[in-house]
Amino acid sequence: MNDTDRQREAVAEALENVTARLDEEKSHLTDLDSAIGDADHGANMTRGFRKANEKVQDMDEADPAELVKTIGVTLVSEVGGASGPLYGGSIMSASQEFSEEGITAETSVAFAEAYLEKVQDRGGAEIGSKTMVDALTPAVHTYKKSIETDDLEPLEALAKAVDAAERGVEFTTPIRARKGRASYLGWRSVGHQDPGATSTLYIMEELLATAQT
Amino acid sequence: MNDTDRQREAVAEALENVTARLDEEKSHLTDLDSAIGDADHGANMTRGFRKANEKVQDMDEADPAELVKTIGVTLVSEVGGASGPLYGGSIMSASQEFSEEGITAETSVAFAEAYLEKVQDRGGAEIGSKTMVDALTPAVHTYKKSIETDDLEPLEALAKAVDAAERGVEFTTPIRARKGRASYLGWRSVGHQDPGATSTLYIMEELLATAQT
Amino acid sequence: MKKLINEPEDVVDEMLDGMVAAYPDRLRRLDDAEVLVRADAPVDGKVGIVSGGGSGHEPTHGGFIGDGMLDGAAAGEVFTSPSADQLGSMIEACDGGEGVLAVVKNYEGDVMNFDTAAEMAGMEGVDVSQVVVNDDVAVEDSLYTSGRRGVAGTILVHKAAGAKAAEGADLDEVTRVAEKVIDNVATMGTALTSCITPDKGEPTFDLGEDEIELGIGIHGEPGTERTDIMSADEITEHLTENVLDDLDLEDGQEVATIVNGMGGTPLMELFVVNKRLQELIDDHGLETWDAWVGDYMTSLDMDGASITVCAVDDELKELLSAPADTPGLTVTE
Amino acid sequence: MKKLINEPEDVVDEMLDGMVAAYPDRLRRLDDAEVLVRADAPVDGKVGIVSGGGSGHEPTHGGFIGDGMLDGAAAGEVFTSPSADQLGSMIEACDGGEGVLAVVKNYEGDVMNFDTAAEMAGMEGVDVSQVVVNDDVAVEDSLYTSGRRGVAGTILVHKAAGAKAAEGADLDEVTRVAEKVIDNVATMGTALTSCITPDKGEPTFDLGEDEIELGIGIHGEPGTERTDIMSADEITEHLTENVLDDLDLEDGQEVATIVNGMGGTPLMELFVVNKRLQELIDDHGLETWDAWVGDYMTSLDMDGASITVCAVDDELKELLSAPADTPGLTVTE
Ligand SMILES: Nc1ncnc2c1ncn2[C@@H]1O[C@H](COP(=O)(O)OP(=O)(O)O)[C@@H](O)[C@H]1O
Ligand SMILES: Nc1ncnc2c1ncn2[C@@H]1O[C@H](COP(=O)(O)OP(=O)(O)O)[C@@H](O)[C@H]1O
Ligand SMILES: [Mg+2]
Ligand SMILES: [Mg+2]
Ligand SMILES: [Mg+2]
Ligand SMILES: [Mg+2]
């Protein structure tokens, strides 16, 4: 098995795990979205990832960049809502970072940065707006620093990033929303955890679990 | 105070008592109608009798026949539904029995018979159709026999008639409806007491109570 | 119970004023009566078409007043037939000299009050003809009931009779087409929840979390059978089979269909029902000439729907598709 | 939860087929897409008007397809913006060579997906212009929110833009009148109960037996304030004051008003609200030019209503009263 094959399998396996995890958490994500949104985040995420998973499991020939791009494209066309373009569009465009050298420590940092940038470009949320950006920003910052400054192994760096994301998710609870449907609530959004930040954390946890096996 | 005045006062007092009683029983009548009808019999009866009561309390000059007719006319124009024409129309037309001699033992029998006849003419219900006719028929029969055959005093006759009406109301429970909205239910109407028979009983009870004072 | 109302006893009165405030050019309220008529009633030289009954079925009845449908509609208290007085004033206000057709739904209250009103109007010299709609196949039509109820099929009677009158036909002709619709229409409904009347403030009947009532009436009268909740397809099949059994149509017969919402059911669900209904019509070798989907004959906030099928010939097709311009139904050429 | 549906995941698909089955002469569904367009789309030489968003707001969006209003409508999953793909196919299918106006309601999902779709269609050579409706005064429009939501006022944008396009105006002109409505319209709503989405099967939010939610959105997003139940008059006063405050109109200004039902509220109650609304319009020295009452922009089975006021000038009056022939709204000359 060559490097490309191994990476393809890793992506497919990670996607399988993410899909299963989102299925498990579907009603929890929807409950979070009921409190400050419109009760569909669980359905949106599972609809998109199930379809992406189906597609990717059939792609025996593609390189990792293509696989990741397919995930993004599928989310864009299946999900709709706010999370469709945010997750899907950003994965789609950040997948370019893998196209030359495949998935390496360096390209994974580039991917993470590109992904966060795209989410912010599209959605206009800042850190502290009570969105997925609050989980992503600490995770991406931590991952980058762990690899580029502290020279940690990707697996260790990813573990630290997951911790950081978790801190980010917790941070969304006590603050007032400025973006997304929760922002309509004004001060009443305080005290509720953001669904999109939560699904971001779950996805990262599954990436880590896949990498650890 | 002459005879006409006394009778006028009696009618007005009886009407006052009937109105108060229906007010009290309003939600009970509606509950009965919920089970096998459309949940408005309480509202229908109180709306009509309150208005009739207002009108009659102002009629200082009228003779008893006119008073009774006014009650009927008011019910016809205020109540609608099935009970409006049945109660109102029948009272209106039976009131003629009082126009020559006022209210006497004899004319009260004539009134009762005319009233029952009119209800049946208009509604087409037989005894055993599970309607107000089931309370009325035994009451009218008993009243007529008590006065004409047994030579009882009107007060005693009325007391017997009330007992008979009560038996009639109870009789409506175990039988299947053939008329009125309850008939739509087929066998499912069995086991429920008829609202219109019940309101008929209440009215008779108040006539008796008024006569006893 | 939470409702957008003030005092329960004022709801019909305020609703009528609110309707006139919405359509001041089309509707007029008779003085001191719970009756709406066309702003320009009576229309000279045209047979008047009137209807009426308890309130709570909006847009029935007043919502169908206008060119090509009703001239007047009397609004009783919620679910209570209007009194004969009110009906009588309506009939007189809608007589343009050619007589008036009263479209009555088969409920004892409605029938008795309309009868009295017709007598009264007759004494004032108005030619009155009455038809009694009884399209509800859920009720057995026998000596042991007060007969089948009039439900959503009534709208088709209003439409056809209204169109015929607009053509300038006389009272006999208008009555004939109304009867023709009545002879060819059948309906059956189901409730997922009970309605709540403003006055009672509680459900008229109790349905379990997993129960539905088949053969429901439009007044929260309990239906004829209570079953476990089924899928939209199964419910549609049950209602449609009963309706088609009753009509017993020939192969290739053209029909008009109505999926009628009871008030609380989202339009989305009515279209889901319509999808299956049209498949069934097709399976039975019939042909849908026109399909209506919406809230026409409601039962306050009841959750549920009814299915109506009406066999149509060339005459009915022409009348049902003739122009109508009313708040509740507009048909353009 | 009881609903007239089959599987929750099929409800949008089946609804769309049921709509086409009801109006086969008017509507066509794009292959493999949750998109409805006019049966004769694209209309050559006419600017196309399209809209779309999550499902559950019926008759919005597909119910307003037809002469004088929309050419196409995309139906996302319940309360979820359609994907950019779907929107893109719709835009292309509705371009008759004169470009397409997309009427977008201000939700981040809708805005982001429409943006992407417009880009995609632009690459295919379609001239696309977008307007974003944000009439909901319940949401503060500030840097600290994602801006006011688009709600029932959207229907007036569809109507005016559709009429302008039907006149043969070019894309710039059509866009201008859409913006004009947006600049002059304001809405606020209230919920008496929560909606229940087919997927979740439980109320999106919990309201006590005596509570209502003021400033509710159309997706079961909690409103801005929860209070004890009030009378219809008080609720109408609260909503109307907020709407009129926002618009700040001059004495004698003519307005169009909408009392919009959220899906579960009987028409009877909407007319009760309209009665008070028209009194208030009058008290404020304004003049109602036209009043609409009905279910236009619903939220599944939610019980509640919204009030919309739109200041109108001669141009808007002409456009809003121009003929339209759609399943959800018919205006005749
Ligand atoms: N402008 C935005 N920027 C970043 N994230 C956003 C933005 N708007 C919404 N989100 C994220 O999307 C999540 C909601 O996604 P979802 O419920 O699927 O879509 P919708 O809000 O359209 O129903 C929110 O919890 C939030 O994390
Ligand atoms: N055809 C009839 N003959 C005699 N009584 C009838 C008939 N139809 C109905 N009733 C009586 O009327 C009562 C119902 O009255 P009410 O609820 O006020 O009118 P509605 O049925 O129009 O709602 C029934 O309980 C029954 O006693
Ligand atoms: Mg959501
Ligand atoms: Mg009753
Ligand atoms: Mg009644
Ligand atoms: Mg959503």
Side-chain angles (χ1 to χ4, degrees), chain B residues 26-27 29-31 33-48 50-51 73-90 92 119 121-126 128-131 175-189 192 196, chain C residues 8-9 34 52-54 56 74-88 107-116 136 138-140 142-149 194-206 215-226 299:
Chain B
K26 181 178 178 216
S27 69
L29 290 173
T30 291
D31 286 347
D33 199 31
S34 297
I36 51 173
D38 61 349
D40 62 358
H41 190 57
N44 289 346
M45 295 300 286
T46 53
R47 184 174 61 251
R50 280 179 202 165
K51 193 71 179 215
V73 169
T74 311
L75 295 182
V76 167
S77 71
E78 293 293 323
V79 177
S83 45
L86 289 171
Y87 272 110
S90 309
M92 187 171 85
V119 167
D121 271 4
R122 217 168 262 271
E126 300 292 331
S129 297
K130 194 181 183 108
T131 68
I175 64 177
R176 174 176 165 174
R178 296 186 177 196
K179 285 285 165 184
R181 288 178 199 279
S183 72
Y184 306 141
L185 285 178
W187 293 106
R188 292 171 75 199
S189 63
H192 297 278
Chain C
E9 54 269 33
E34 311 214 311
E77 291 301 308
V78 172
F79 294 167
T80 302
S81 164
S83 68
D85 276 34
Q86 305 256 331
L87 294 170
Y107 297 95
E108 278 153 329
D110 289 21
V111 170
M112 289 187 286
N113 287 295
F114 262 108
D115 272 348
T116 313
D136 189 350
V139 173
E140 184 193 3
S142 79
L143 279 177
Y144 303 101
T145 70
S146 54
R148 288 164 37 156
R149 300 172 288 213
S194 168
C195 52
I196 299 181
T197 58
D199 186 65
K200 183 163 150 85
E202 279 168 38
T204 301
F205 55 97
D206 287 314
I216 191 75
I218 55 170
H219 302 94
E221 311 102 310
T224 45
E225 191 186 332
R226 185 166 292 198
S299 183

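Letters A, B, ... are given to chains in the order of the sequence lines, protein chains preceding strands, and every chain is numbered from 1.
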Student: Are C:Tyr107 and C:Glu221 packed together at the side-chain level, in the sense that at least one heavy-atom pair is separated by less than 4.5 angstrom?
Tutor: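 In short, these two side chains touch, coming nearer than 4.5 Å.
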Student: Does any heavy atom of chain C fall under 4.5 Å from the side chain of B:Ala35, the backbone, both, or neither of them?
Tutor: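 It is the backbone, since no side chain atom gets that close.
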Student: Does a side-chain N-to-carboxylate-O contact under 4.0 Å join B:Asp40 and B:Arg47?
Tutor: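 Here B:Asp40 does not pair with B:Arg47 in a salt bridge, since their nearest N and O are not under 4.0 Å apart.
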Student: Counting only non-hydrogen atoms closer than 4.5 Å, does C:Val78 touch chain B with its backbone (N, CA, C, O), its side chain (CB onward), both, or neither?
Tutor: backbone
Student: Taking side chain as everything from C-beta outward and backbone as N, CA, C, O, which of these in C:Glu202 sits under 4.5 Å from a heavy atom of chain B? Side chain, backbone, both or neither.
Tutor: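 No part of C:Glu202 comes within 4.5 Å of chain B.
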Student: For B:Arg181, is it the side chain, the backbone, both or neither that has a heavy atom under 4.5 Å from a heavy atom of chain C?
Tutor: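 Answer is both: backbone and side chain atoms of B:Arg181 are under 4.5 Å from chain C.
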Student: Applying side-chain contact (heavy atoms from CB on, under 4.5 Å), run through C:His219 and C:Arg149 and close with a yes or a no.
Tutor: CA-CA 11 Å; C:His219 302 94; C:Arg149 300 172 288 213; 5.8 Å; no
Student: For C:Thr116, is it the side chain, the backbone, both or neither that has a heavy atom under 4.5 Å from a heavy atom of chain B?
Tutor: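 Only the side chain of C:Thr116 comes within 4.5 Å of chain B.
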Student: Do you know which of B:Ala177, B:Ser129, B:Gly180, B:Ser83 has the most heavy-atom pairs under 4.5 Å to chain C?
Tutor: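 Looking at each of B:Ala177, B:Ser129, B:Gly180, B:Ser83 in turn, B:Gly180 comes out on top.
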Student: Going from CG on B:Asp33 to CE on B:Met45, what distance comes out if it is rounded to the nearest 0.5 angstrom?
Tutor: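 So the gap between those two atoms works out to 11.5 Å.
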Student: Between B:Lys179 and C:Glu108, is a side-chain contact (heavy atoms from CB on, under 4.5 Å) present by the stated rule, with each step listed?
Tutor: CA-CA 8 Å; B:Lys179 285 285 165 184; C:Glu108 278 153 329; 3.1 Å; yes
